[in-house]
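Inspection log for the structure reproduced underneath, given as structure tokens.
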Number of protein chains: 2
Amino acid sequence: MDKSALLELDNQLCFALYACSREVTKLYRPFLDELGITYTQYVTLLALWEKDEVAVKELGRRLYLDSGTLTPLLKKLEGLKLLRRERDPQDERSVIVRLTPEGRALKERAAEIPERVFCQTSLTPEGIESLRDQLRKLTVEAHTQSCDAGL
Amino acid sequence: MDKSALLELDNQLCFALYACSREVTKLYRPFLDELGITYTQYVTLLALWEKDEVAVKELGRRLYLDSGTLTPLLKKLEGLKLLRRERDPQDERSVIVRLTPEGRALKERAAEIPERVFCQTSLTPEGIESLRDQLRKLTVEAHTQSCDAGL
DNA sequence: ACCACATAAATTGCATGCAATTAAATTGCA
DNA sequence: TGCAATTTAATTGCATGCAATTTATGTGGT
């Protein structure tokens with residue numbers, strides 16, 4: 001690549017990621033508004049629908065979020081009666097998150113959201129899978145680098 | 001795909017994007033700390049290094065950001081003496097953003113950041129280009145959809 | 001048992017993002 | 001010309017993200 005092009009906005013993978021993530025998230029908003037939740041609350045529920053009764057710590061590992069983000073978010077979802085937060089009797093440092101019946105029930109109403117969102121794009125199922133797998137790989141690499149740097 | 005897998009977190013392209021964007025952004029932090037700027041300030045400067053003397057509106061189009069985000073961000077950069085904000089005499093509704101000499105000079109110090117970041121990954125230049133182009137296409141599609149929906 | 005160290009959440013402070021509203025300026029058209 | 005509709009920034013309010021610190025709890029070694 002031309003040296004002078006190295007700093008061009010449209011050549012940056014980081015900016016492509018940053019912009020794409022925000023624009024795709026916006027596609028979810030109309031659907032999530034119907035459920036009365038935000039995008040971050042949605043991915044948190046995705047994680048919990050898959051594996052319930054997890055510590056905040058583990059949820060954070062799964063979502064790449066720390067307690068500074070999760071604590072207020074989980075309190076919000078608790079206020080919506082979608083989950084409960086309780087200290088782990090086995091280890092009082094941990095807080096265990098458990099879906100309520102309402103929280104579990106919301107999964108049915110969310111079931112069709114992914115399809116409805118990606119119908120709006122020209123992506124094929126194969127295209128989605130391929131892109132998703134490339135991103136997952138890069139995410140793990142980037143995360144490993146960040147952690148290594150911190151030592 | 002299995003029906004029950006439709007809501008699995010690791011099958012979501014949206015989550016792959018969301019997580020990847022944040023993790024890759026974190027790789028920039030150590031480098032940007034040296035320059036005393038944040039990631040959003042960095043991409044704003046990338047846009048301005050490429051095309052200076054633009055209205056806030058156009059900068060927003062370029063970055064997919066609105067004045068609610070840009071106004072405080074540009075005021076911060078103005079406080080750092082990297083740019084100036086002035087009303088357009090031709091159209092007093094617009095605010096024109098202009099880099100200061102210091103703002104322009106910062107480009108030199110930023111020149112090697114993209115390489116240094118992606119050295120930390122296993123991505124090849126071709127892999128970066130390919131991924132970036134897929135994301136750009138999706139970004140434009142998603143943005144178009146959002147705008148259409150708003151009408 | 002004691003204590004240094006480690007671990008998990010919560011808290012604090014700051015910087016986004018973005019919807020919604022407001023204020024000022026411009027435009028278009030009757 | 002006059003004025004309604006439009007356009008651009010700025011403002012407001014709320015929800016993240018995340019670094020850094022604090023608080024509470026657990027662990028390991030002596």
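Every chain is numbered from 1 and lettered A, B, ... according to where its sequence line falls, protein lines coming before strand lines. Hydrogens, waters and symmetry mates play no part in the numbers below; they use all other heavy atoms, side chains included.
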When you check the gap from the basic side-chain N to the acidic O, do A:D66 and A:K57 get nearer than 4.0 Å? no

I'd like to know if B:R104 pairs up with B:D52 as an ion pair, taking the criterion as any Lys NZ or Arg NE/NH1/NH2 lying under 4.0 Å from an Asp or Glu carboxylate oxygen. yes

Applying side chain to side chain contact (heavy atoms under 4.5 Å, CB included), can you list everything that pairs with A:E92, at least two apart in sequence or on another chain? A:R87

Residues in residues 30-63 of chain A with a heavy atom under 4.0 Å of DNA chain C, by number, are A:A55, A:V56, A:K57

Whole angstrom is fine here: how far is it from [atom1] in [X] over to [atom2] in [N]?
X: B:R22; N: C:dG17; atom1: CZ; atom2: P; answer: 12 Å
X: B:Y18; N: C:dC18; atom1: OH; atom2: C1'; answer: 15 Å
X: B:R29; N: C:dC14; atom1: CZ; atom2: P; answer: 16 Å
X: B:L74; N: D:dA10; atom1: CG; atom2: P; answer: 8 Å
X: B:K76; N: C:dG17; atom1: NZ; atom2: P; answer: 13 Å
X: B:L27; N: D:dC18; atom1: CG; atom2: P; answer: 12 Å
X: A:L77; N: D:dA15; atom1: CG; atom2: C1'; answer: 12 Å
X: A:K26; N: C:dT16; atom1: NZ; atom2: C1'; answer: 13 Å

Side-chain H-bond candidate by donor/acceptor type, A:S130 with A:Q134, under 3.5 Å: yes

Do A:S122 and B:E141 get their side chains close enough for a donor-acceptor pair, meaning under 3.5 Å? yes

Walking DNA chain C from its 5' end, the first of A:S94 and B:D66 to be reached, judged by nearest nucleotide, is A:S94

Pairwise ring-ring contact (aromatic ring centres under 6.0 Å, His included) hits with a residue in residues 85-107 of chain B, at least two apart: none

Minimum heavy-atom distance between B:E8 and A:E50, given as atom pair plus value: CA-OE1, 3.2 Å

What are the two closest non-hydrogen atoms of A:Q145 and B:L27, and how far apart are they? CB-CD2, 3.6 Å

Given B:R84, B:R85, B:R98, the one that forms salt bridge (Lys or Arg N to Asp or Glu O under 4.0 Å) with B:E53: B:R98

Touch check for B:L70, heavy atoms < 4.0 angstrom, all strands: base, sugar-phosphate only, or nothing? nothing

Proximal nucleotide (of D:dA9, D:dA15, D:dA19) relative to the B:R87 side chain: D:dA9

Can you identify which nucleotide, out of D:dC18, D:dA9, D:dG17, has its nearest atom closest to the B:S67 side chain? D:dA9

Stems in DNA chain C, runs of 3 or more consecutive Watson-Crick or G-U wobble pairs with both distances under 3.5 Å, sorted by first number, are C:1-30 with D:1-30

Answer with yes or no whether the hydrophobic clustering places A:L99 together with A:L82; edges join I, L, V, M, F, W, Y residues whose side-chain heavy atoms lie under 4.5 Å apart. yes

Throw together a table of side-chain donor-acceptor distances under 3.5 angstrom for residues 13-23 of chain B, partners on residues two or more places apart or in other chains.
| residue | atom | partner | partner atom | Å |
| --- | --- | --- | --- | --- |
| B:R22 | NH1 | A:Y64 | O | 2.7 |
| B:R22 | NH2 | A:L63 | O | 2.9 |
| B:E23 | OE2 | B:K26 | NZ | 3.0 |

What orientation do B:Y28 and B:Y42 show, parallel under 30°, tilted 30 to 60°, or perpendicular over 60°? tilted

Phosphate OP1/OP2 of D:dT16 contacted by A:K75 side-chain N/O (<4.0 Å): no

Name the pairs: protein N/O against N/O of nucleotides 23-29 of chain C, kept only if under 3.5 Å.
| residue | atom | partner | partner atom | Å |
| --- | --- | --- | --- | --- |
| C:dT26 | OP1 | B:E92 | N | 3.3 |

